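Both backbone and side-chain heavy atoms feed into the values below; hydrogens, waters and symmetry mates do not. Owing to the predicted nature of the structure, the values given are computational and were not obtained by experimental measurement.
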Amino acid sequence: MRAGVIEATMRFTLRPWMGTCAETEARMSEHLEGGLPARQERRFGRHLLHCHRCRAAYTSFREAVGQLRSLGQDELAHPAPSVADAVVDRLRHESH
């Protein structure tokens, strides 16, 4: 029981230095995009160092965003030929 009280007291005392879970969750997207001001960036990082729940949530969020960003990348790297290109190629081959 005493360890729980000490942990709660430390979280309350450190809140101005490392922020809250709600603050950290609200800033995950902004952090990932690199848009946090330096002070908020430091608070965000400190919070993740001390809070395993927020660290796990951020890791999951970062991976999901990475997967979403990769959707369609293969199609962009190797675009399918357009219908017009296919018709022109076919006409060239048939005319020979």
- For the side chain of His47 and the backbone of Thr24, is there at least one donor-acceptor N/O pair under 3.5 Å apart?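 No, the answer is negative, given that no donor and acceptor are paired below the 3.5 Å cut-off.
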
- Query: When you measure from the side chain of Ser70 to the backbone N and O of Gln67, does any donor-acceptor pair fall under 3.5 Å?
  - Reply: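 Looks like yes, one N/O pair under 3.5 Å.
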
- Message: I need the minimum non-hydrogen distance between Arg55 and His50, along with the two atoms involved.
- Response: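 It is NH1-N, 4.2 Å.
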
- Task: May I ask you to say whether Glu33 pairs ionically with Arg69, meaning some side-chain N is under 4.0 Å from a carboxylate O?
- Result: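 The answer is yes: the pair qualifies as a salt bridge.
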
- Check the pair Leu32 / Tyr58 against side chain to side chain contact (heavy atoms under 4.5 Å, CB included), numbers first and verdict last. CA-CA 9 Å; Leu32 196 57; Tyr58 178 70; 3.3 Å; yes

- Check step by step if side chain to side chain contact (heavy atoms under 4.5 Å, CB included) holds for Arg53 and Glu25. CA-CA 10 Å; Arg53 187 178 67 92; Glu25 290 170 4; 3.2 Å; yes

- Item | Common cluster, Leu49/Met28, ILVMFWY with side-chain heavy-atom separation under 4.5 Å |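 Unlinked, Leu49 and Met28 end up in two clusters.
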
- Task: Given side chain to side chain contact (heavy atoms under 4.5 Å, CB included), test Phe44 with Glu23 step by step and report yes or no.
- Result: CA-CA 8 Å; Phe44 184 89; Glu23 175 187 337; over 6 Å; no

- Message: Working to the nearest 0.5 angstrom, can you tell me the gap between Leu36 CG and Glu30 CD?
- Response: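 Spacing of CG (Leu36) from CD (Glu30) equals 4.5 Å.
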
